[in-house]
Participant: 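The structure's right below; bear with me while I get my questions together.
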Amino acid sequence: MVEWAEVVVVGAGLAGLAAARTLQRAGLHVLVCEAGDDIGGRVRTDVVDGFRLDRGFQVLLPAYPAVREMVDVEELRLQHFTRGVVADGQALAPPWRHRSAARDLLAFGAGRPRDVAALLAMSARDVLASARRLKAGGDSTIAEDLARRGVSARTVDEVMRPFLAGVFLDRPLRTSARAFHLVWRSFLRGGGALPASGMGALPHLLARDLMPGTVRCGVRVTGISGDGVTTDRGEVRAKAVVVAAPEVLLGVPEPDWHAVTTYYYRTSGRPPLRQPTLLTDSGELLVNTAVISAVAPGYAPPGQTLVAASVPERCDTGNELEPHVRTTLAQVYDTSTTDWELVETYAIARALPVMPAGHPLRQPVRLAPGRYVCGDHRDTSSIQGALVSGRRAAAAVLADLHSRP
């Protein structure tokens with residue numbers, strides 16, 4: 001069977017959906033081919049025994065500009081984390097958020113005033129500066145940048161590394177400092193949150209405006225030719241092909257990836273923590289954890305508790321690390337975890353593209369006439385980067401098609 005579309009988008013992750021949405025709003029006939037059984041790519045939510053489980057521990061930063069521009073954030077019914085983080089028992093948050101944050105910061109800074117001054121100066125600059133300014137200038141690793149700004153190795157190891165390793169899945173903090181400051185800016189401006197029905201709500205909200213039949217799941221693209229694509233269901237002829245699936249990159253070198261393993265637990269009795277706070281532990285496994293049902297009650301059935309724990313840079317496909325994670329959680333929450341039930345483990349080898357120092361924050365999306373690529377590996381490794389890359393690819397398609405006779 002041969003079909004026709006003006007543009008075929010390969011992959012229905014955030015970047016592919018952003019591209020399809022932009023193209024369709026411009027009046028083009030678009031077909032999205034998704035090999036999986038649902039949309040979302042790496043941003044999906046499963047329901048297991050009544051629990052909502054995001055595929056890997058994920059957090060949405062509502063201050064991401066592209067999120068606010070492309071969806072009605074109110075419809076996500078965001079449930080917010082506490083502004084800040086508890087790292088090895090140290091509670092830190094922007095002091096302008098609430099009185100207790102200022103009090104915690106004063107207690108933390110009593111023994112290291114220079115670190116507090118350095119972090120406050122950096123944070124004030126990131127909040128007030130434009131994104132263009134944060135992108136400008138030279139680059140270094142996060143570790144080098146923090147040291148240059150006067151943050152001591154002790155504070156980096158006890159506070160910044162545990163938190164940032166969970167964000168960038170990069171324990172040595174070799175990630176681009178420019179990318180870090182852009183994310184830090186959004187974190188300070190809006191904190192972190194979860195959609196009430198799971199992170200999978202974001203791609204579904206993006207796809208809602210697409211015409212019925214635009215997205216076809218369970219359709220695997222097997223080849224890309226000069227006049228379209230071939231799939232396991234037949235051939236689709238098109239003027240342009242946008243590849244938004246990292247496994248089909250049209251000759252573009254595949255990015256290096258950071259891995260993560262997330263463990264979800266069902267607990268009995270009272271929740272180990274009632275506050276919607278992200279906790280980190282800088283021990284051997286560098287675990288970050290949260291009582292997800294304290295953040296978003298809809299993630300767990302009534303009367304039950306869901307705890308998530310993630311280990312960056314590890315892909316524990318055989319659950320060998322799980323006993324060590326359970327022991328660490330007992331220390332972090334100061335409670336017994338022997339009766340906690342493991343609901344599901346997500347060992348994700350390709351969780352986040354690597355962004356080393358010097359990483360271009362914007363890479364080409366136009367590869368050849370009629371051939372385009374998008375994904376967070378073309379911008380920043382984030383939800384913001386995925387959405388922006390999709391819009392950039394769509395803009396390139398529109399520019400090229402409109403320039404043809």
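Predicted model only: the values in this text are computed from it and were never measured. Below, all heavy atoms of this structure are taken into account, side chains as well, without hydrogens, waters or symmetry copies.
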Participant: Which heavy-atom pair separates Asp157 from Pro162 by the least distance, and what is that distance?
Facilitator: O-CD, 3.3 Å
Participant: Establish, from distance only, whether the side-chain atoms of Thr328 and Asp281 form a donor-acceptor pair under 3.5 Å.
Facilitator: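 Their side chains do not contain a donor-acceptor pair, so the 3.5 Å distance test is not met.
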Participant: Who are the side-chain hydrogen bond (donor to acceptor under 3.5 Å, both in side chains) partners of Arg366, not counting sequence neighbours?
Facilitator: Asp400
Participant: Run the side-chain contact (heavy atoms from CB on, under 4.5 Å) test on Leu119 and Met122 for me, step by step, so that the C-alpha distance in whole Å, both residues' side-chain angles and the decisive distance to 0.1 Å come before the verdict.
Facilitator: CA-CA 5 Å; Leu119 290 173; Met122 179 187 77; 4.1 Å; yes
Participant: Drop me the distance from Phe51's CZ to Thr45's OG1, to the nearest 0.5 angstrom.
Facilitator: 15.0 Å
Participant: Verify, without hydrogens or angle tests, whether Thr267 (side chain) and Trp340 (backbone) share a donor-acceptor contact under 3.5 angstrom.
Facilitator: no
Participant: Tell me whether Asp256 contacts the main-chain N or O of Val354 through its side chain, where contact means a donor paired with an acceptor under 3.5 Å.
Facilitator: no
Participant: Do Thr289 and Tyr333 meet the criterion of a side-chain donor-acceptor pair at a distance under 3.5 Å?
Facilitator: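 A pair is found: one side chain offers a donor N or O, the other an acceptor, under 3.5 Å apart.
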Participant: Counting distance only, does the side-chain N/O of Trp4 pair as donor-acceptor with the main-chain N or O of Val2 below 3.5 Å?
Facilitator: no
Participant: For a quick check under 3.5 Å, do Thr155 and Arg112 share a side-chain donor-acceptor pair by atom type?
Facilitator: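 Yes, side-chain donor-acceptor contact under 3.5 Å.
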Participant: Starting from the C-alpha separation in whole Å, work towards a yes-or-no answer on side-chain contact (heavy atoms from CB on, under 4.5 Å) for Val151 and Val159.
Facilitator: CA-CA 11 Å; Val151 183; Val159 180; over 6 Å; no
Participant: Could you grab the distance from atom CG of Leu173 to atom CZ of Arg161, nearest 0.5 Å is fine?
Facilitator: 4.5 Å
Participant: With a sphere of 6.0 Å drawn around CZ of Arg149, does it hold more than 12 non-hydrogen atoms of other residues, nucleotides or ligands?
Facilitator: yes
Participant: Does Gln275 use its side chain to pair, donor to acceptor, with the backbone of Leu273 at less than 3.5 Å?
Facilitator: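 A pair under 3.5 Å: no.
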Participant: Asp232 vs Val219, test: side-chain contact (heavy atoms from CB on, under 4.5 Å). Steps then yes/no.
Facilitator: CA-CA 6 Å; Asp232 54 4; Val219 177; 4.2 Å; yes
Participant: List for me each residue that meets salt bridge (charged side-chain N to carboxylate O under 4.0 Å, His left out) alongside Asp139, sequence neighbours excluded, and say none if there are none.
Facilitator: Arg178
Participant: Quick one: NZ on Lys135 to OG1 on Thr380, what's the gap to the nearest 0.5 Å?
Facilitator: 8.0 Å
Participant: Just verifying a value: how many Å separate His29 NE2 and Lys239 NZ, rounded to the nearest 0.5 Å?
Facilitator: 11.5 Å
Participant: Roughly how far, to the nearest 0.5 Å, is the CG atom of Leu182 from the CG atom of Leu61?
Facilitator: 11.5 Å
Participant: Please name the pair of heavy atoms, one in Val307 and one in Pro272, separated by the smallest distance, quoted to 0.1 Å.
Facilitator: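 Heavy atoms of Val307 and Pro272 come nearest at CG2-CG, 4.0 Å.
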Participant: For Arg362, which residues count as a salt bridge (charged side-chain N to carboxylate O under 4.0 Å, His left out) partner, sequence neighbours excluded?
Facilitator: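 So Arg362 forms a salt bridge (charged side-chain N to carboxylate O under 4.0 Å, His left out) with Asp379.
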Participant: Could you tell me the separation between the CZ atom of Arg233 and the CD atom of Glu3, rounded to the nearest 0.5 Å?
Facilitator: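 Answer for the CZ-CD pair, Arg233 versus Glu3, is 10.5 Å.
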Participant: Is the side chain of Arg274 donor-acceptor paired with the backbone N or O of Ala294 at a distance under 3.5 Å, no angle test?
Facilitator: no
Participant: For Pro312 versus Ala165, what's the shortest heavy-atom pair and its separation?
Facilitator: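 Nearest heavy atoms, Pro312 then Ala165: CB-O, 3.5 Å.
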Participant: Keeping Asp316 on the side-chain end and Thr261 on the backbone end, is there a donor-acceptor pair under 3.5 Å?
Facilitator: no
Participant: When you check the gap from the basic side-chain N to the acidic O, do Asp115 and Arg154 get nearer than 4.0 Å?
Facilitator: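 Here Asp115 does not pair with Arg154 in a salt bridge, since their nearest N and O are not under 4.0 Å apart.
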Participant: Any chance you could lay out the ring pair (Phe, Tyr, Trp, His ring centres under 6.0 Å) test for Tyr299 and Tyr264, step after step, and finish with the verdict?
Facilitator: CA-CA 11 Å; Tyr299 270 65; Tyr264 285 104; 8.1 Å; no
Participant: For the backbone of Met211 and the side chain of Gln24, can you confirm whether one donor and one acceptor N or O come within less than 3.5 Å of each other?
Facilitator: yes
Participant: Taking all atoms of both residues into account, what is the closest heavy-atom pair of Ser389 and Val365, and its distance?
Facilitator: O-CG1, 4.3 Å
Participant: Can you check whether His80 reaches Pro276 side chain to side chain, under 4.5 Å on heavy atoms?
Facilitator: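 Sidechains of Pro276 and His80: no contact.
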Participant: Is the backbone N or O of Ala129 less than 3.5 Å from a side-chain atom of Arg185, with the two atoms forming a donor-acceptor pair by type?
Facilitator: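 Yes: the side chain of Arg185 pairs with the backbone of Ala129.
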Participant: How about CG on Asp334, more than 12 heavy atoms from neighbouring residues, nucleotides or ligands closer than 6.0 Å, or not?
Facilitator: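 No.
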Participant: Apply side-chain contact (heavy atoms from CB on, under 4.5 Å) to residues Val243 and Ile224 and explain how you reach the verdict.
Facilitator: CA-CA 10 Å; Val243 176; Ile224 300 175; 3.8 Å; yes
Participant: Does Arg314, at its CZ atom, have more than 12 non-hydrogen atoms belonging to other residues, nucleotides or ligands within less than 6.0 Å?
Facilitator: no
Participant: Going by distance alone, is a donor N or O of one side chain under 3.5 Å from an acceptor N or O of the other, for Glu322 and Thr345?
Facilitator: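 No donor-acceptor contact under 3.5 Å links the two side chains.
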Participant: Side chain of Thr337, backbone of Arg326: donor and acceptor closer than 3.5 Å?
Facilitator: yes
Participant: Look at the side chain of Glu341 and the backbone N and O of Arg266, then say whether any donor-acceptor pair between them is shorter than 3.5 Å.
Facilitator: no
